[in-house]
Colleague: 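My structure is below; once you've seen it, I'll send some questions.
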Amino acid sequence: MKRILVIETRQIGDVFLASPLIRAARERWPSAMIDVMGFSGTLGMLRGNPDVNCLIEFPHRPGRTGIRSVVSRLWRRYDLALITQASDRAHLMGWIAAPYRSGILPEHGSSNWWKQLLLTHVVRSAGDRGAVHVAAEKLQLLSPWTKDKPVIPQTVLPRAHDLPADVLANLHPGAVIVHAPSMWPYKQWPLDHFHTLVRELLVRQRQVMLTGGPGTRDRECVASLLDLATPPQLLNLVGRLDFNQLTTLLGKAALYIGPDTSLTHLAAATGLPVIAIFGPTNPLRWGPWPNQAKTVQLFQRAGLVQTESNVTVLQAKLPCVPCGRAGCEDHRQSRSDCLAAITPQQVLEQALRLLTRFDSTKTQPGL
């Protein structure tokens, strides 16, 4: 295989969890050209990835002109297409791009019949209620070429870039990164819970750095926390840092706290202690992948507190957790009672435990 195309047509976190697949393909074919194709604005975590030759972005709705451009750019340019999503569009792009195609299909799907005809190798997915982690599932796309070599997912960080001078100058040792916004309401831990948590961290003289993207929703989520303190004790970094700079920031903090979102996956990969607040999401499938994973199945389906390596996952003690649905009403704007049931005190207890451990290592001689 001299030319390989990885097709990843979902959101930022999904793209990052494809980095173990890309790394495994690079190890299998060291001299191959490996390109990654995805939606515009979703490939940022792969910028500077040493295993990627080129990032190919296209709009969610390309129109006829855009479709023609994609077809002309992809037509049989590659030897192998690795299709990480089950969507019709991803599989059609794989057929256009390469004569050999390895792709993921759901266990049951009305369009499976024609997609399977197009594939050289099929990976069956049980979906969000399944027991195989997404990163490990993507690696199965390479199983025809790595039969004798079981692979544990190894996430690859974006190349670290310098922080803005004013941010670097205001960083304090032992700072805590708090990421309050979620892309969808059904994954949103209540903002009043975040307000209580941040206040308690500030009372304990911890510097808190608030992160988020440049979008309106992220800014609105963080706005309710800005009355708690002034800089530098409380730093508002929303919309200021790209993923390369966030990689640097995570390397300088003592703890990260956030929901089921892309930055939580990135934080876990850096080795920083992470508290991930999970609601309806199944951690067997979507638990943040630790920095030094030793096996392909890390988390249980449910558990009030689960810790693997540098990652602690918190869930509510409710019989429906995790349901694997989009909240209680099963749509993106839905509420999630299981998230509201996780109290600020529960998160604070875990945070103080991890911060005490961080402080003790920093005071030991020679460290």
Colleague: Should Leu46 and Ile22 count as side-chain neighbours, where that means a heavy-atom distance under 4.5 Å?
Modeller: yes
Colleague: Okay, side chain of Ser143, backbone of Gln140: is any donor-acceptor separation there less than 3.5 Å?
Modeller: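 Pair found, side chain donor or acceptor close to backbone of Gln140.
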Colleague: Please assess Arg26 against Asn53 for the test side chain to side chain donor-acceptor pair (under 3.5 Å), listing each intermediate value before the final yes or no.
Modeller: CA-CA 10 Å; Arg26 174 60 67 202; Asn53 292 94; 2.9 Å; yes
Colleague: Indicate yes or no: at least one non-hydrogen side-chain atom of Leu157 is less than 4.5 angstrom from one of Phe243.
Modeller: no
Colleague: Between Thr264 and Pro259, which heavy-atom pair has the shortest distance, and what is it?
Modeller: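 Shortest heavy-atom contact: OG1-O, 2.6 Å.
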Colleague: Check whether Leu92 and Val122 end up in the same hydrophobic cluster, where Ile, Leu, Val, Met, Phe, Trp and Tyr are linked by side-chain heavy atoms less than 4.5 Å apart.
Modeller: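 Same cluster.
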Colleague: Under a 4.0 Å N-O cut-off, is there an ion pair linking Arg23 with Asp51?
Modeller: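 Looking at Arg23 and Asp51, the cut-off is met.
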Colleague: Do Pro273 and Phe358 have side-chain heavy atoms sitting under 4.5 Å apart?
Modeller: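 No, their side chains stay 4.5 Å or more apart.
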Colleague: Decide if atom OH of Tyr100 counts as having more than 12 heavy atoms of other residues, nucleotides or ligands within a radius under 6.0 Å.
Modeller: no
Colleague: Hey, any chance Leu314 and Leu298 share a hydrophobic cluster, counting ILVMFWY side chains that come within less than 4.5 Å of each other, even indirectly?
Modeller: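 Hydrophobic grouping puts Leu314 apart from Leu298.
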Colleague: In Å, rounded to the nearest 0.5 Å, how long is the span from OG of Ser262 to CE of Met183?
Modeller: 9.0 Å
Colleague: Identify the two heavy atoms, one from Leu355 and one from Leu201, that lie closest to each other, and give their separation to 0.1 Å.
Modeller: CD1-CD2, 4.2 Å
Colleague: Using a strict cut-off of less than 4.0 Å between a Lys/Arg side-chain nitrogen and an Asp/Glu carboxylate oxygen, indicate whether Arg353 and Glu349 qualify as a salt bridge.
Modeller: no
Colleague: When you check the gap from the basic side-chain N to the acidic O, do Arg73 and Asp35 get nearer than 4.0 Å?
Modeller: no
Colleague: Checking Leu74 against Met37 for the side-chain contact (heavy atoms from CB on, under 4.5 Å) test, could you report, in this order, the C-alpha distance in whole Å, the side-chain angles of both residues, the deciding distance, and whether it holds?
Modeller: CA-CA 10 Å; Leu74 294 185; Met37 186 174 197; 3.6 Å; yes
Colleague: Determine the minimum heavy-atom distance between Ser309 and Pro290, stating which atoms define it.
Modeller: CB-CB, 3.6 Å
Colleague: Test of understanding: clusters of I, L, V, M, F, W, Y form through side-chain heavy atoms closer than 4.5 Å, transitively. Do Trp184 and Trp189 belong to the same one?
Modeller: no
Colleague: Does atom CG of Asp227 have more than 12 heavy-atom neighbours from other groups under 6.0 Å away?
Modeller: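 Above 12, so yes.
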Colleague: Walk me through it: do Ile34 and Tyr78 pass the test side-chain contact (heavy atoms from CB on, under 4.5 Å)?
Modeller: CA-CA 9 Å; Ile34 302 177; Tyr78 299 90; over 6 Å; no
Colleague: For the side chain of Lys115 and the backbone of Ala86, is there at least one donor-acceptor N/O pair under 3.5 Å apart?
Modeller: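 Yes, Lys115 side chain to Ala86 backbone: donor-acceptor pair under 3.5 Å.
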Colleague: State which residue, out of Leu250, Asn291, Asn310, Thr155, fulfils the side-chain contact (heavy atoms from CB on, under 4.5 Å) condition with Thr270.
Modeller: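 The residue from Leu250, Asn291, Asn310, Thr155 that satisfies side-chain contact (heavy atoms from CB on, under 4.5 Å) with Thr270 turns out to be Leu250.
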Colleague: Compare every heavy atom of Ala293 with every heavy atom of Ile152, then report the nearest pair and how far apart it is.
Modeller: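 Looking at all heavy atoms of both residues, the shortest contact is CG2-O, 3.8 Å.
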Colleague: Is there a donor-acceptor pair under 3.5 Å between the side chain of Arg129 and the backbone N or O of Cys323?
Modeller: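 The answer is yes, because a donor-acceptor pair under 3.5 Å joins these two groups.
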Colleague: Is a salt bridge present between Arg206 and Asp359, judged by a nitrogen-to-oxygen distance below 4.0 Å?
Modeller: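 Yes, Arg206 and Asp359 are salt-bridged.
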Colleague: Does Leu171 form a side-chain contact (heavy atoms from CB on, under 4.5 Å) with Met209? I'd like the steps, not just the answer.
Modeller: CA-CA 9 Å; Leu171 285 183; Met209 298 179 286; 3.1 Å; yes
Colleague: Thr312 and Gln350: side-chain donor and acceptor closer than 3.5 Å?
Modeller: no
Colleague: Within a strict 4.5 Å, meaning less than it, do heavy atoms of the Leu119 and Leu105 side chains meet?
Modeller: yes
Colleague: Out of curiosity, Leu225 CG to Leu197 CG, how far, rounded to the nearest 0.5 Å?
Modeller: 9.5 Å
Colleague: For the pair Thr211 and Leu249, evaluate side-chain contact (heavy atoms from CB on, under 4.5 Å) and give the outcome as yes or no after the intermediate values.
Modeller: CA-CA 10 Å; Thr211 55; Leu249 184 74; 4.1 Å; yes
Colleague: Applying a strict under-4.5 Å side-chain criterion to I, L, V, M, F, W and Y, I'd like to know whether Leu266 and Ile277 cluster together.
Modeller: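 Shared cluster, no.
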Colleague: Going by heavy atoms in the side chains, are Pro181 and Val222 under 4.5 Å from each other?
Modeller: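 Of all side-chain heavy-atom pairs linking Val222 with Pro181, at least one is under 4.5 Å.
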Colleague: For Pro106, does its backbone N or O pair with a side-chain atom of Ser125 as donor and acceptor, under 3.5 Å?
Modeller: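 No.
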Colleague: According to a hydrophobic-cluster definition based on side-chain heavy atoms being under 4.5 Å apart (Ile, Leu, Val, Met, Phe, Trp, Tyr only), do Ile342 and Val274 belong together?
Modeller: no
Colleague: Is the number of heavy atoms from other residues, nucleotides or ligands under 6.0 Å of Arg61 CZ greater than 12?
Modeller: no
Colleague: Main chain of His161, side chain of Thr248: is a donor-acceptor contact present, judged purely on distance under 3.5 Å?
Modeller: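 Checked: pair present.
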Colleague: Let me confirm one number: the CG-OG1 distance from Leu348 to Thr196, rounded to the nearest 0.5 Å.
Modeller: 10.0 Å
Colleague: If you measure from CG on Asn282 to CZ on Phe299, what distance do you get to the nearest 0.5 Å?
Modeller: 11.0 Å
Colleague: Mind checking whether Cys221 and Leu191 have side chains closer than 4.5 Å, heavy atoms only?
Modeller: yes
Colleague: Answer yes or no: is there a side-chain heavy-atom contact under 4.5 Å between Lys187 and Ser336?
Modeller: no
Colleague: For Glu200 and Gln345, run side chain to side chain donor-acceptor pair (under 3.5 Å): C-alpha distance rounded to whole Å, both residues' side-chain angles, the deciding distance at 0.1 Å, then the answer.
Modeller: CA-CA 9 Å; Glu200 292 300 319; Gln345 289 71 29; over 6 Å; no
Colleague: Minimum heavy-atom separation for Ala254 to Leu272, with atom names?
Modeller: C-CD1, 3.5 Å
Colleague: Has the side chain of Gln245 got a donor or acceptor atom that lies under 3.5 Å from a matching backbone atom of Asp242?
Modeller: yes
Colleague: Between His91 (side chain) and Gln85 (backbone), is there a donor-acceptor pair under 3.5 Å?
Modeller: yes
Colleague: If we check side-chain contact (heavy atoms from CB on, under 4.5 Å) with Leu226, which of these qualifies: Val198, Leu210, Val238?
Modeller: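 The single option meeting the side-chain contact (heavy atoms from CB on, under 4.5 Å) with Leu226 is Leu210.
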Colleague: Check Arg325 with Asp128, please: is the shortest side-chain N to carboxylate O separation under 4.0 Å?
Modeller: no
Colleague: Side chain to side chain donor-acceptor pair (under 3.5 Å), that's the test. Do Thr84 and Glu8 meet it? Break it down for me.
Modeller: CA-CA 6 Å; Thr84 66; Glu8 178 59 77; 2.8 Å; yes
Colleague: Would a distance-only check, ignoring hydrogens and angles, find a side-chain to backbone donor-acceptor pair under 3.5 Å from His179 to Tyr256?
Modeller: no
Colleague: Which heavy atom in Ala268 sits nearest to a heavy atom in Trp289, and how many Å separate them?
Modeller: CB-O, 3.4 Å
Colleague: Would you find more than 12 non-hydrogen atoms of other residues, nucleotides or ligands less than 6.0 Å from Trp95 atom CH2?
Modeller: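 Not buried by this count: 12 neighbours or fewer within 6.0 Å.
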Colleague: Going from CD on Gln297 to CD on Glu308, what distance comes out if it is rounded to the nearest 0.5 angstrom?
Modeller: 10.0 Å
Colleague: So, does Gln207 use its side chain to make a donor-acceptor pair with the main chain of Pro232 at under 3.5 Å?
Modeller: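 Side chain of Gln207 to backbone of Pro232: a pair is present.
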Colleague: How many angstroms lie between CD1 in Ile4 and CG in Leu80, if you round to the nearest 0.5 Å?
Modeller: 5.5 Å
Colleague: Do Leu228 and His195 have side chains that approach each other closer than 4.5 Å (heavy atoms only, starting at C-beta)?
Modeller: yes
Colleague: Has the side chain of Gln315 got a donor or acceptor atom that lies under 3.5 Å from a matching backbone atom of Arg301?
Modeller: yes
Colleague: For Arg159, I'd like to know if atom CZ has over 12 heavy atoms of other residues, nucleotides or ligands within 6.0 Å.
Modeller: no
